[in-house]
**Student:** 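Below: one structure in structure tokens.
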Amino acid sequence: MSRRDPDTTMAAVPDGTRTLAAPGTVTDTAPREWISGIGVLDKASVLLEIVERGPAPLSELVTRSGLSRPTVHRIAVALERLGLLTRDFHGRFALGPRLGSMSVEARYDRLAQAAGPVLAELHDRTGLDARVLRRRGRTQTCVATCAEGALGPDGAERVPVGMSRPAGAGPVAQVLLAWQEPEEIHEGLRGARFTAAHLAQVRRRGWARGSDVMLPGDIAFVVPVRAAGDDRVVAALSVSGPPGRMNAIPARWLGANVFDAAAALGDALHRSHALPSRKPPGPASVRGTAAV
């Protein structure tokens, strides 16, 4: 015997849209792209669609979905337990961290594919090791590197793809954490060898520089990678080399080249539809300042 809320039905609309209708409520009638035909899943999908447009309190979810308040509360709390919804500082329901993690994982294959030619050109121009890294839990992991600069004197890869280090130290870790949500920053600073003040400085400048934890003894210059039209930091682009070589390169010239390479990676991600389009961020959040 199937279970159905007595005050709620799934209704078809003449123009092909569907809505959850309930007596005495104003519903959100819009084209529904994702319909499974399984009642509880479709109701959960409706709530996710509403929250996708922006955080919403329980009362708004009830009004816009047309579902009864007990049904909305039960499903929203269940989605929260699964990490598919969360609560913001005002207690409103918002998209949860698992959805972000799923989308991030799905686009790293595209990131690695797009990085190859960009990293090779950056290495040719600067003579430095160039690589793309991302944060995974409490580690920073290399996801792409330039083939020409990847080998050491013994012929072994200096920083192979997949190499990880703790995400509590170094300029890469700072860049990967600086633009995250406040809760994630708070968690990431536990045991870190940098502070919230360091991250604030990274956000103001748009870059970080310091000892390369992947290659002890080298110095790294690191900038964030974002997809064009999106303000989320999806990875970090790092160039590194011995201190003498790094100090011999004009700071502004190096910064301009690395920022240009990061923008090229972002454009490639956007063209591959690896990220949904959002409103363009301000200029300072995309490029920062090239002075090092």
**Student:** Report whether Val223 and Leu128 are members of the same hydrophobic cluster (ILVMFWY, side-chain heavy atoms less than 4.5 Å apart, transitive linking).
**Tutor:** yes
**Student:** Rounded to the nearest 0.5 Å, how far apart are OG1 of Thr141 and CZ of Arg165?
**Tutor:** 10.5 Å
**Student:** Do Glu187 and Gln180 make a side-chain contact, defined as non-hydrogen atoms from C-beta onward lying under 4.5 Å apart?
**Tutor:** no
**Student:** Does some side-chain heavy atom of Leu79 sit less than 4.5 Å from a side-chain heavy atom of Phe93?
**Tutor:** no
**Student:** Just to verify, what does Glu80 make a salt bridge (Lys or Arg N to Asp or Glu O under 4.0 Å) with, not counting sequence neighbours?
**Tutor:** Arg87
**Student:** Determine, stepwise, if the pair Leu111 / Val143 fulfils side-chain contact (heavy atoms from CB on, under 4.5 Å).
**Tutor:** CA-CA 8 Å; Leu111 177 61; Val143 297; 4.3 Å; yes
**Student:** To the closest 0.5 Å, what do you measure between CZ (Arg226) and CG (Asp267)?
**Tutor:** 13.5 Å
**Student:** On a heavy-atom basis, which atom in Ala120 and which in Cys146 lie closest, and how many Å separate them?
**Tutor:** N-CB, 4.1 Å
**Student:** What distance separates Gln174 CD from Arg209 CZ, expressed to the nearest 0.5 Å?
**Tutor:** 13.5 Å
**Student:** Counting C-beta onward and ignoring hydrogens, is there a side-chain heavy-atom pair between Val118 and Leu237 closer than 4.5 Å?
**Tutor:** no
**Student:** Quick one: closest heavy-atom pair of Cys142 and Pro160, and the distance?
**Tutor:** CB-O, 3.8 Å
**Student:** Give the C-alpha distance, both sets of side-chain angles, the deciding distance and a yes or no for side-chain contact (heavy atoms from CB on, under 4.5 Å) between Arg190 and Arg138.
**Tutor:** CA-CA 10 Å; Arg190 292 183 181 179; Arg138 299 191 68 83; 4.3 Å; yes
**Student:** With a 4.5 Å heavy-atom cut-off, do Leu133 and Met214 have their side chains touching?
**Tutor:** yes
**Student:** With the 4.5 Å side-chain cut-off for hydrophobic clustering, are Met246 and Leu119 part of the same group?
**Tutor:** yes
**Student:** Determine the minimum heavy-atom distance between Gly37 and Asp42, stating which atoms define it.
**Tutor:** N-OD2, 3.0 Å
**Student:** Under 3.5 Å, side chain of Gln140 to main-chain N/O of Ser164, donor-acceptor pair present?
**Tutor:** no
**Student:** Looking only at atom types and distance, does a side-chain atom of His73 sit under 3.5 Å from a main-chain N or O of Pro70, one as donor and one as acceptor?
**Tutor:** no
**Student:** Could you measure the distance from the CG atom of Leu199 to the CZ atom of Arg204? Nearest 0.5 Å is fine.
**Tutor:** 11.0 Å
**Student:** Would you say that Leu47 contacts Ser65 through its side chain, given a criterion of any heavy-atom pair below 4.5 Å between the two side chains?
**Tutor:** yes
**Student:** Just wondering, do Met163 and Arg131 contact through their side chains at under 4.5 Å, heavy atoms?
**Tutor:** no
**Student:** Please determine whether the number of non-hydrogen atoms from other residues, nucleotides or ligands lying under 6.0 Å from atom CD of Glu52 exceeds 12.
**Tutor:** no
**Student:** Tell me whether Leu84 is reachable from Leu95 by hopping between hydrophobic residues (I, L, V, M, F, W, Y) whose side-chain heavy atoms are closer than 4.5 Å.
**Tutor:** yes
**Student:** Out of curiosity, does Val258 fall in the hydrophobic cluster containing Trp253 (side-chain heavy atoms, cut-off under 4.5 Å, transitive links)?
**Tutor:** yes
**Student:** Check Pro171 against Ser211 and note the closest heavy-atom contact, atom names and distance.
**Tutor:** CD-O, 3.1 Å
**Student:** Can you measure from CD1 (Ile38) to OG (Ser45) and round to the nearest 0.5 angstrom?
**Tutor:** 12.0 Å
**Student:** Do Leu61 and Val51 come within less than 4.5 Å of each other through their side chains, counting heavy atoms only?
**Tutor:** yes
**Student:** Are Val234 and Phe259 in one and the same hydrophobic cluster, where Ile, Leu, Val, Met, Phe, Trp and Tyr link if side-chain heavy atoms are under 4.5 Å apart?
**Tutor:** yes
**Student:** For the backbone of Ala178 and the side chain of Arg203, can you confirm whether one donor and one acceptor N or O come within less than 3.5 Å of each other?
**Tutor:** yes
**Student:** Please state whether the rings of Trp207 and Phe221 are parallel, tilted or perpendicular, taking 30° and 60° as the class boundaries.
**Tutor:** tilted
**Student:** Can you name the nearest heavy-atom pair linking Ala115 to Val132, along with the distance?
**Tutor:** CB-CG2, 4.1 Å
**Student:** Phe194 and Ala173: which non-hydrogen atoms are nearest, and at how many Å?
**Tutor:** CE2-CB, 3.9 Å
**Student:** Could you tell me whether Asp260 and Arg125 make a salt bridge, using a distance below 4.0 angstrom between a side-chain N and a carboxylate O?
**Tutor:** no
**Student:** About how many Å separate CG of Leu177 and NE2 of His198, when rounded to the nearest 0.5 Å?
**Tutor:** 13.0 Å
**Student:** So Val161 and Thr145, do their side chains get closer than 4.5 Å, heavy atoms only?
**Tutor:** yes
**Student:** For Ser59, give me all partners under side-chain hydrogen bond (donor to acceptor under 3.5 Å, both in side chains), at least two apart in sequence or on another chain.
**Tutor:** none
**Student:** Can a donor-acceptor pair be found, under 3.5 Å and without considering hydrogens, that links the side chain of Gln201 to the backbone of Ala197?
**Tutor:** no
